[in-house]
Visitor: 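Pasting in a structure now, in structure tokens, and then I'll have a few things to ask.
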Amino acid sequence: MKHIVFLEQYGSLGGGQQVLLELVRAALHTGFRATVLIPKGPCVDRLRALGAQTIVVPECRLSQGKKNFADIFRFAWYGCRTFLRHISLLRHADLIYVNGNRLSPVAMLAQLMLGRKAAYHIHLNHGGLERKLFLLALRLRSTRALVLPSEFIRRELLAADVRFDDPRVQVVPNGLDARFSDIPFQDRFTGRPLQHIGIVGRVSPEKGQDVLIPLAKHFPQLQFHVLGDAAFSSEDYYERLKREAPGNIYFHGWVDDLPAKVDEIGLQVCLVPSRCPPESPERSFESFSLVSAEMTALSCLVLVRKLGALEDVAQKLDLGMFEKDEELPALLKDNIAQYGVLTATSIKKSYDACMQSCSHTNLQQRLRNFFSSIEG
């Protein structure tokens, strides 16, 4: 039985780790044995429940935002140390799969010094330094694949450097995980006033949860919800939001069972107001929005910022879009005025499109086909 060693940079259960769980599930189903090097956190228990072996490693902690020389040193030292500590495991791996670029040096050292094969999974629209790292990976003949979550990221990479026009650069679109397999459509609007609006996911400046503060003040009759915590981001932003939030904003923290929580709240609208990182205003941040697909699958009205891959997802699933924060009050007023059967019909159309293109069954088939294609 062939053996894949997955390298994961976080032990939390964010979007990248949900992708990791689906990757491991597909690899096991394809006939691989799976071991995951991962920092401690709730993702470890999920991996073990799937049948994967896990080895807990320290987390590579770098500065938030723009990296400095000290970060580069820590990044290189962490990679060398992790490689040396687990060299025996890596030596016997048939494939090393990097799910997050902070562990890329581990895989590259294994390729160069141990002759191992590797694949790299990109989750974000990374900047110049990371792109150079990916190009370095493509220069190694033992690199089997550079996996992208969306066509948007392929376009961005090709615009940055023609050397990304390589057959090993493959788009394997993200999709819904097992929690969303068999959830039927639910009419959250007909006969009910618009009342509950939320933002789901990691709380950080680039995710834009601060748009809720002026909205909550503008619509004191509505209830606004933040479902998520700071995870591996700075806690300062999260704490500031809680201090400045009016009484009609509710902070639920990390939510493990999202479908159950959405039903408990009675959530009707999900905003996805992601922003470009402040240190890189020329770059679109989002590479694919799992939250947009998840909340569409939960029969919510989803409104996304016209930014990066969010625009592609919105067009594919027929979601509402906005560009500036100032547009949101008018958008909500329009929905308050016309909620009901018309809104439910529109959401059902998006739900059907989501289940057709992003279903868990389709995602698993894509991943299994991918693993079969690089097995040789």
Visitor: Work out which heavy atom in C270 is nearest to a heavy atom in V291; give both atom names and the distance.
Guide: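 Answer, listing the atom of C270 first, then V291: SG-CG1, 4.1 Å.
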Visitor: Just by modelled atom types, is the L138 backbone N or O under 3.5 Å from a matching donor or acceptor in the R168 side chain?
Guide: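 Checked: pair present.
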Visitor: Would a 4.5 Å heavy-atom cut-off, applied to side chains only, mark L258 and R179 as touching?
Guide: yes
Visitor: Within the 4.5 Å heavy-atom criterion, are F32 and F371 side-chain neighbours or not?
Guide: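 Touching, per the 4.5 Å side-chain cut-off.
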Visitor: Could you tell me whether a side-chain N or O of Y120 sits under 3.5 Å from a main-chain N or O of L146, the two making a donor and an acceptor?
Guide: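 A pair under 3.5 Å: no.
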Visitor: I'd like to know whether R25 forms a side-chain contact (heavy atoms from CB on, under 4.5 Å) with Q364, so could you lay out the CA-CA distance, the side-chain angles of the two residues, the decisive distance to 0.1 Å, and finally the verdict.
Guide: CA-CA 8 Å; R25 189 193 305 271; Q364 274 296 302; 3.7 Å; yes
Visitor: With side chain to side chain contact (heavy atoms under 4.5 Å, CB included) as the test, pick out the partner of C300 among V269, I347, V262.
Guide: V262
Visitor: Please lay out, stage by stage, how L13 and W254 fare under the test side-chain contact (heavy atoms from CB on, under 4.5 Å).
Guide: CA-CA 9 Å; L13 278 171; W254 172 255; 3.4 Å; yes
Visitor: Quick check: does any side chain N or O of Q268 sit under 3.5 Å from a backbone N or O of H196, one acting as donor and the other as acceptor?
Guide: yes
Visitor: Tell me the closest heavy-atom pair linking G51 and L28, and the distance in Å.
Guide: C-CD1, 4.3 Å
Visitor: Is it the case that the side chain of S350 and the backbone of L317 share a donor-acceptor pair, with hydrogens and angles ignored and the cut-off at 3.5 Å?
Guide: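 Yes; at least one donor-acceptor contact below 3.5 Å.
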Visitor: Which value, rounded to the nearest 0.5 Å, describes the distance between I265 atom CD1 and I197 atom CD1?
Guide: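 So the CD1 of I265 and the CD1 of I197 are separated by 12.5 Å.
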Visitor: Kindly indicate, with the supporting measurements, whether the criterion side-chain contact (heavy atoms from CB on, under 4.5 Å) is fulfilled by V172 and L148.
Guide: CA-CA 6 Å; V172 182; L148 316 180; over 6 Å; no
Visitor: List the residues meeting side-chain hydrogen bond (donor to acceptor under 3.5 Å, both in side chains) with E311, not counting sequence neighbours, and say none if there are none.
Guide: none
Visitor: Has the side chain of R305 got a donor or acceptor atom that lies under 3.5 Å from a matching backbone atom of P273?
Guide: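 It does hold such a pair.
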Visitor: How far apart are the C-alpha atoms of Q17 and E8, what are their side-chain angles, what is the distance that settles it, and do they pass the side-chain hydrogen bond (donor to acceptor under 3.5 Å, both in side chains) test?
Guide: CA-CA 8 Å; Q17 293 69 53; E8 170 57 53; 2.8 Å; yes
Visitor: Is there a side-chain contact between L21 and C43, using heavy atoms and a 4.5 Å cut-off?
Guide: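 Contact flag for L21/C43 side chains = yes.
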Visitor: Would R188 and D263 satisfy salt bridge (Lys or Arg N to Asp or Glu O under 4.0 Å), going step by step from the backbone distance to the final call?
Guide: CA-CA 9 Å; R188 300 186 183 276; D263 285 342; 2.8 Å; yes
Visitor: Using a 4.5 Å cut-off on heavy atoms from C-beta on, say whether the side chain of Q195 contacts that of Q221.
Guide: no
Visitor: For the residue pair G79 and L109, what are the closest heavy atoms and their distance?
Guide: O-CD1, 4.2 Å
Visitor: Less than 4.0 angstrom from a charged side-chain N to a carboxylate O is my criterion; do K324 and E327 meet it?
Guide: no
Visitor: Please lay out, stage by stage, how D236 and R240 fare under the test salt bridge (Lys or Arg N to Asp or Glu O under 4.0 Å).
Guide: CA-CA 6 Å; D236 294 343; R240 180 174 65 82; over 6 Å; no
Visitor: Just to verify, what does L136 make a side-chain contact (heavy atoms from CB on, under 4.5 Å) with, not counting sequence neighbours?
Guide: M108
Visitor: Check this for me, if you would: do D177 and R46 make a salt bridge, where the nitrogen-to-carboxylate-oxygen distance has to be below 4.0 angstrom?
Guide: no
Visitor: Checking N101 side chain against S104 main chain: does a donor-acceptor pair fall under 3.5 Å?
Guide: no
Visitor: Measure the CG-OG1 distance between D45 and T54 for me, rounded to the nearest 0.5 Å.
Guide: 8.0 Å
Visitor: Does T143 reach the main-chain N or O of A137 with its side chain, forming a donor-acceptor pair under 3.5 Å?
Guide: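 Present.
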Visitor: Going through the checks in order, is the side-chain contact (heavy atoms from CB on, under 4.5 Å) test met by I96 and L7?
Guide: CA-CA 7 Å; I96 299 169; L7 307 180; 3.7 Å; yes
Visitor: Given 3.5 Å as the limit, does a donor-acceptor pair link the side chain of R116 with the main chain of A93, or not?
Guide: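 Side chain of R116 to backbone of A93: a pair is present.
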Visitor: Partners of Q365 by side-chain hydrogen bond (donor to acceptor under 3.5 Å, both in side chains), sequence neighbours excluded?
Guide: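 Here the qualifying residues are N369.
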Visitor: Which pairs would a plain distance check flag for residues 209-219, meaning a side-chain donor or acceptor within less than 3.5 Å of a matching protein atom at least two apart in sequence or in another chain?
Guide:
| unit_1 | atom_1 | unit_2 | atom_2 | d |
| --- | --- | --- | --- | --- |
| Q209 | OE1 | S204 | N | 3.4 |
| Q209 | NE2 | R202 | O | 2.9 |
| D210 | OD1 | Y237 | OH | 2.7 |
| D210 | OD1 | R275 | NH1 | 2.7 |
| D210 | OD2 | R275 | NH1 | 3.3 |
| D210 | OD2 | R275 | NH2 | 3.4 |

Visitor: Hey, what do you get for CG (N99) to CD1 (I38), rounding to the nearest 0.5 Å?
Guide: 9.0 Å
Visitor: Determine whether L303 and L319 make a side-chain contact, defined as any pair of heavy atoms from C-beta on separated by less than 4.5 Å.
Guide: no
Visitor: Looking only at side chains, do H225 and H252 share a donor and an acceptor under 3.5 Å apart?
Guide: yes
Visitor: Side chains of F180 and P259: closer than 4.5 Å at any heavy-atom pair?
Guide: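 Side-chain contact under 4.5 Å: yes.
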Visitor: Let's go through Q223 and N248 carefully: what are the C-alpha distance in whole Å and the side-chain angles of both, what is the deciding distance for side-chain hydrogen bond (donor to acceptor under 3.5 Å, both in side chains) to 0.1 Å, and is it a yes or a no?
Guide: CA-CA 5 Å; Q223 295 183 34; N248 58 331; over 6 Å; no
Visitor: Whether D257 and K261 form a salt bridge (side-chain N of Lys/Arg under 4.0 Å from carboxylate O of Asp/Glu) is what I want to check.
Guide: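 Result for this pair is no, no salt bridge flagged.
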Visitor: Is any side-chain heavy atom of I374 less than 4.5 Å from a side-chain heavy atom of Q170?
Guide: yes
Visitor: What do the steps show when you test R155 against D312 for salt bridge (Lys or Arg N to Asp or Glu O under 4.0 Å), and what is the final call?
Guide: CA-CA 12 Å; R155 295 196 300 268; D312 290 352; 2.8 Å; yes
Visitor: Give the ring-plane orientation class for H123 versus H121, where under 30° counts as parallel, over 60° as perpendicular and anything between as tilted.
Guide: parallel
Visitor: What's the spacing between H29 NE2 and L50 CG if we round to 0.5 Å?
Guide: 12.5 Å
Visitor: Donor-acceptor check, side chain of Q53 to backbone of V36, threshold 3.5 angstrom: yes or no?
Guide: no
Visitor: For F83 and L114, which heavy atoms make the closest approach, and how far apart are they?
Guide: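 Heavy atoms only, the tightest pair is CE1-CD1, 3.8 Å.
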Visitor: Is a side-chain donor or acceptor of N362 paired with a backbone partner of Q356 at a separation under 3.5 angstrom?
Guide: yes
Visitor: Find out whether L37 and L103 are in side-chain contact, i.e. whether some heavy atom of one side chain is under 4.5 Å from a heavy atom of the other.
Guide: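 Answer no - side chains too far apart.
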Visitor: F6 vs Y97 aromatic rings, parallel, tilted or perpendicular, using cut-offs 30° and 60°?
Guide: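 It falls in the tilted class, 30° to 60°.
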Visitor: Give every residue pair that meets the side-chain hydrogen bond (donor to acceptor under 3.5 Å, both in side chains) criterion with at least one member in residues 291-302, sequence neighbours excluded.
Guide: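 The answer is S289-S292.
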Visitor: How far does SG of C354 sit from CE of M295, to the nearest 0.5 angstrom?
Guide: 11.5 Å
Visitor: Can you name the salt bridge (charged side-chain N to carboxylate O under 4.0 Å, His left out) partners of E239, sequence neighbours left out?
Guide: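 For E239 the salt bridge (charged side-chain N to carboxylate O under 4.0 Å, His left out) partners, ignoring immediate neighbours, are K242.
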Visitor: Between atom CG of L307 and atom CD of E206, what is the distance when rounded to the nearest 0.5 Å?
Guide: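 These two atoms lie 11.5 Å from each other.
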